[in-house]
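Scroll down for the structure; my scribbles are underneath it.
Protein chains get the first letters and strands the later ones, always in sequence-line order, with residue 1 at the start of each. Small disclaimer: the values here were computed from a predicted structure and weren't measured.
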Amino acid sequence: NAGVTQTPKFQVLKTGQSMTLQCAQDMNHNSMYWYRQDPGMGLRLIYYSASEGTTDKGEVPNGYNVSRLNKREFSLRLESAAPSQTSVYFCASSVNRWEQFFGPGTRLTVL
Amino acid sequence: DAKTTQPTSMDCAEGRAANLPCNHSTISGNEYVYWYRQIHSQGPQYIIHGLKNNETNEMASLIITEDRKSSTLILPHATLRDTAVYYCIVTRGNKLVFGAGTILRVKS
């Protein structure tokens, strides 16, 4: 039981490049989330998916798109990366409203 | 969601109880208090949550004042591995809003 896994762990992009961050969970959770964490700050919600086939914007959705591919997988895409998107990205999943399980994070640098 | 206020940092001696306060004076009746922590470079970890009653689990205790305007997270016997940023979050839904949290340093 791996919990929440994220790939890649590290990534460096040039401004304007695109990439997709992958997230998968093996706990059969309905809800999945994407957060970003800038240095010295708390996490901010980018997008979430309450169930397979649904997605909704969070606090900071601009510049991102998401896909809930199936119940296990929730991907985050940056179509044209900007230096302001340099951050650590965390994926999470939950079966109820109380407890979210977080992945190890993807550290993204945009030059 | 109600705003929370936490001290920036706290120190605690190893083996002693760590008491982390949180003010949420604008909390509404259907909002819950959640606590998460984040150990350096890792994803956050759920600790405990409560509505109005005090709660205890294997990790910690949560004491909520009768007027619900503040709460305290108690780690009964802090260890060096409890050094982390602790977040107090108040929300009625499942969208968590993380503030800056409290940096707890447990010292030997």
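The candidate from B:Ala100, B:Gly99, B:Pro44 with the greatest count of non-hydrogen atom pairs under 4.5 Å with chain A is B:Pro44.
B:Ile48 and B:Ile63 are assigned to two separate hydrophobic clusters, defined by single-linkage of ILVMFWY side chains at heavy-atom distances under 4.5 Å. When hydrophobic clusters are built by joining Ile, Leu, Val, Met, Phe, Trp and Tyr residues whose side-chain heavy atoms come closer than 4.5 Å, directly or via intermediates, A:Phe101 is not grouped with B:Val85. Cluster annotation: A:Leu13 is connected to A:Ile46 through the hydrophobic network of ILVMFWY side chains, with a link wherever side-chain heavy atoms come within less than 4.5 Å. A:Leu21 and A:Val4 are not part of a single hydrophobic cluster, where members link through side-chain heavy atoms under 4.5 Å apart. Cluster annotation: A:Val60 and A:Val110 are assigned to the same hydrophobic cluster (Ile/Leu/Val/Met/Phe/Trp/Tyr, side-chain heavy-atom contacts under 4.5 Å, transitive).
Proximity to chain A (any heavy atom under 4.5 Å) is shown, for B:Leu96, by both the backbone and the side chain.
Heavy-atom neighbours of chain B within the stretch residues 66-75 of chain A, taken at a separation under 4.5 angstrom, are nonexistent.
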No hydrogens needed, just list the donor-acceptor pairs between chain A and chain B under 3.5 Å.
| residue | atom | partner | partner atom | Å |
| --- | --- | --- | --- | --- |
| A:Tyr33 | OH | B:Asn94 | ND2 | 3.4 |
| A:Gln37 | OE1 | B:Gln38 | NE2 | 2.9 |
| A:Gln37 | NE2 | B:Gln38 | OE1 | 2.9 |
| A:Gln37 | NE2 | B:Tyr87 | OH | 3.4 |
| A:Arg97 | O | B:Tyr34 | OH | 3.0 |
| A:Arg97 | NH2 | B:Arg92 | O | 2.1 |
| A:Trp98 | O | B:Tyr36 | OH | 3.3 |
| A:Gln100 | N | B:Tyr36 | OH | 2.8 |
| A:Gln100 | NE2 | B:Asn94 | O | 2.9 |
| A:Arg107 | NH2 | B:Ser41 | O | 2.6 |

